[in-house]
Amino acid sequence: MRRPFATRARASAIAKRYAHATVSAGRTPWRLAHYCVVDLELSGLDSRRDEIISFAAVPIDAGRVVVGGAVYGLCRPTRPLPERSVLVHGIRTLDLADAPALDEAIQPLIEAMTGRVVVAHVAWVERSFLGRALRRQGARLRGPVLDTFEMGRLLALERKAPAPSRLLGELATSLNLPVHRPHHALGDALTTAQVFLALATHLEEFGSETVESLARASERTRMYLG
Amino acid sequence: MTVVPDIVEFLRQYPPFVEFDPATVERLSAAAEVEFHRQGDVIFSKGAQPVEFLRVIRTGAVEVVSEGQVLDLMGPGEMFGHASMLSGLPPDFDARAAEDTLTFRFPADVASQVLAGPRGLRYVARLLLEDRHHLRTGPPSEAVRDQLRQPIRAAIRAAPIILSPDTPVREAARQMTAATATAFIVDLGDALGIVTDADLRSRVVAAGLSGDAPVSAVMTSPTFTVSDDRPGSEVLLDMLDRGVRHFAVTSPTGRVIGIVEDHDLVAVESRTSFSMRRAIARATTVDELVEASSRLRPAVIGMTRGGMVGLDVMSVFSVVADALTRRALDLAVAQSGESPTRFSWLALGSQARREALPGSDLDSAIAWLDDGDEGAIRSYLNAIATAATGTLQRCGFRPDEHRVSAADPLFVRSLSSWERESRSLIDDPTQKKALVIVSVLVDSRPVWGVETESLIAEAFQVASARPKLLRLLAQFALSHRPPTGFLRGLVVESSGEHRNKLDLKKGAVAPITDLARWAGMVAGVGCASTTSRLKAASDAGTLKEADALSLQEAFELVCQLRLDHQITQLEAGDELDGFVDPGELSPLIRNYLKEAFRLVASVQKRIASETLRAR
């Protein structure tokens, strides 16, 4: 039997904790901050119309990926999945029939993000979908959100190397890192986490990095290009 | 708990995790943390606090450094830090990232628990015992590999049965059975005899001999003996070469301390080379010989995959190639009728050095001994050479691309003509192509016909007294430079069919064998394997001990790579070649290879400045 009110009330409690947790300050040296690397699989890229169907989060503490802290989950969409999205991630509408709906399913993700700086690859996608999901629970997505794609562009500029690919797998390969199961939220989250460690470590060759300076990767890239 | 399948799957590819049950690996992987180390970063240092984590390399490479020396280079799947973690003692080396490296680290409480299981302990014990300085190109070595690298005395399993010649066969058989021995020695006072299981079957039972007959009636004498300090691989080759399966092992005082049989030395895969030798010797037609030879390549695959060292596999392959060559000649001679002259068939090049690979050309030459009608002799020998090379081709040996072959009249000469030619080359090494021909002829070994020591190589023994020839040979040896100007990986062929591939023969094998030939000649060694030449040159002081060792290590690595490459091609049914795609090599092997090329180049440079300056 469904109890929407109870669910909503529990959701608010987790969301409230998320909203009030202390997150590493912007000036924290990057290795001392706590991160949550997030990857979402979606039914499409339009956050007004499309839905989160699967998510994964991997924590980073003290500059190391904590594998045991990984979370992964599926969300039941409200509408059948468009065929083109099935082709990307291989998840079909019927695979999600028994999954909880978004508001309930996403609770472990909100808990995983609590007190942590969110990291994602091509982060505007995660930013807009997570923002919407959190608003439904009466919370806001807390900034900054770090973007490994922007960090990769910045590193390439610093090294006077050609701009990197937008594709996570290609970026990981160019850094001599493994590519985990692509288009599977858990695989992509792990790949992104490892890419983040490598990029932040390499960027330190050019000066110390803080949460804030990494968050400004895109702005720094633009300043470079002048 | 969310299991991350990729990490579990990765770990389960490598020992010791491959032997653990899935739940154990899942428990371990849940405790994993992923770290990134930039090239040059020190992960832990010698003498620091005991390590509290077990680490496994995910991608990249980690160097083991002590006293400024790189002792080992580890690649994906290899673990480190366990010795310090388990012992609670400070690490006895620095672990340093040799390239950008991703590692998993597991906290001691979880890792120790997993490694403390029987499987984990066995693995760790082996790792700790293993000589970490030895170049390894594969997973931890197996018993097979160890057995061949150790002195033969290590293969002795029990004290030998030694009987007097008048012992009745029945009594001997009783003692063999009691001791589960497969052979015994007959002490003749001034010589030894041997009787094996097979002898009892064929010479006693099948022949209907009485059990009261004395063992002297059924023994084989003299018996091959081998001193107990010779390496297993050499003994194995001797056994193969002579076609015997039992050897008496003697102590330095000449006492028989054991009997070793092929079973004690090699795994099932390489034992097939013995039965193959019998099949080869028994072949009475070319078709039977071709049939017998068809087992050679599968045997080579088996030996390589079974963990036998590349150089040993190549020696076994060369010995079997000798046997095939001999039988091919027996058959050719039987076909062509009586020869107008005695003659000797010489193996040249890699077969002469016993360093042939399945894809090697079998170079050959003929020397005839008697005077007579040269036209008749030539036409007879030409028929023999054509038939023999044709048979060998059917046995899977390709004809020589460079036509260094007894089927070419240039390589068929009378012995006196060869000697004249050799002397002339020695006296005037500036003749056209003299150095190439000298190099070819020094690596020559008679495999069929007149039983003499290497006929032509002998002529070159005097060469050590010819400084001019040796200097020119040194120059020649130094003219092949290994690729050292690395640009993202390894220098490769820039054009042609093998574009972007690495020519291991030209790049590394030739420079090392050329140097070893020269150094061996200076030390007075004629035809011999590259390994023995290097050793002789080191003993004689022609090469510095460290340089000889460097060349030897580089040679072993490159031979192993060439063999592994050809084995992969054999398994895939591809054409055999020596061109390796550097992209397909693991970063670990690539690094070793770069290091090997660097070593060869630096030895060459040193020799160039020391030797050639002296003129």
Side-chain angles (χ1 to χ4, degrees), chain A residues 30-31 35 37 39 54-74 108-109 111-112 148 151 155 159 161 169 172-182 184-206, chain B residues 1-11 13-14 25-43 52-62 75-77 97-107 109-111 114 488-489 583 585-588 590-591:
Chain A
W30 82 268
R31 273 178 202 280
Y35 305 88
V37 183
D39 187 77
S54 141
F55 63 84
V58 183
I60 292 179
D61 291 319
R64 297 188 186 91
V65 183
V66 183
V67 175
V71 296
Y72 171 73
L74 297 170
L109 178 60
E111 271 192 291
T148 43
M151 287 168 62
L155 180 67
R159 289 181 159 179
T173 305
S174 74
L175 294 165
N176 291 321
L177 297 173
V179 179
H180 298 281
R181 208 170 304 193
H184 181 284
L186 195 52
D188 280 348
L190 187 58
T191 305
T192 306
Q194 290 168 171
V195 163
F196 173 77
L197 288 188
L199 288 174
T201 307
H202 285 311
L203 280 169
E204 273 181 324
E205 285 169 38
F206 306 95
Chain B
M1 182 186 81
T2 302
V3 172
V4 181
D6 294 49
I7 295 178
V8 178
E9 280 160 26
F10 175 80
L11 289 176
Q13 290 175 59
Y14 297 96
V25 182
E26 276 179 19
R27 196 168 72 239
L28 191 66
S29 71
E33 292 177 303
V34 189
E35 307 171 305
F36 178 79
H37 309 279
R38 215 167 9 176
Q39 179 174 18
D41 284 355
V42 173
I43 302 169
E52 287 171 13
F53 298 90
L54 166 72
R55 286 181 169 85
V56 175
I57 301 171
R58 177 60 181 84
T59 54
V62 172
E99 40 189 86
D100 290 349
T101 297
L102 213 54
T103 56
F104 295 133
R105 73 169 209 188
F106 306 96
D109 52 346
V110 180
V114 170
R488 250 199 86 75
L585 299 173
S586 74
L588 186 67
R590 263 204 312 268
N591 271 316

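Chain A is the first sequence line, chain B the second, and so forth, proteins listed ahead of strands; every chain is numbered from 1. Heavy-atom basis, side chains included; hydrogens, waters and symmetry copies ignored.
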Qualifying residue, where the test is side chain to side chain contact (heavy atoms under 4.5 Å, CB included) with B/Val34 and the options are A/Leu177, A/Val66, A/Val65: A/Val65
Give, as side chain, backbone, both or neither, the part of B/Ala32 having an atom under 4.5 angstrom from any heavy atom of chain A. both
Using non-hydrogen atoms and a 4.5 Å limit, figure out which bit of B/Thr101 sits close to chain A: side chain, backbone, both or neither. neither
Okay, side chain of A/Asn176, backbone of B/Thr59: is any donor-acceptor separation there less than 3.5 Å? no
So which atom in A/Ala70 and which in B/Val4 form the shortest heavy-atom distance, rounded to 0.1 Å? CB-CG2, 4.1 Å
Is the shortest distance from a Lys or Arg side-chain nitrogen in B/Arg38 or A/Glu204 to a carboxylate oxygen in the other one below 4.0 Å? no
So, do A/His202 and B/Phe36 have ring centers that fall under 6.0 Å from each other? yes
dist B/Glu33:CD -> A/Ile60:CD1 (nearest 0.5 Å) comes out at 11.5 Å
Mind checking the CD1-CG spacing from B/Ile7 to A/Leu190? Nearest 0.5 Å is all I need. 5.0 Å
Tell me which of these, A/Ala198, A/Gly73, A/Gly187, has more heavy-atom pairs under 4.5 Å with chain B than the rest. A/Ala198
Under 4.5 Å from any heavy atom of chain B, what part of A/Leu186 do you find: side chain, backbone, both or neither? side chain
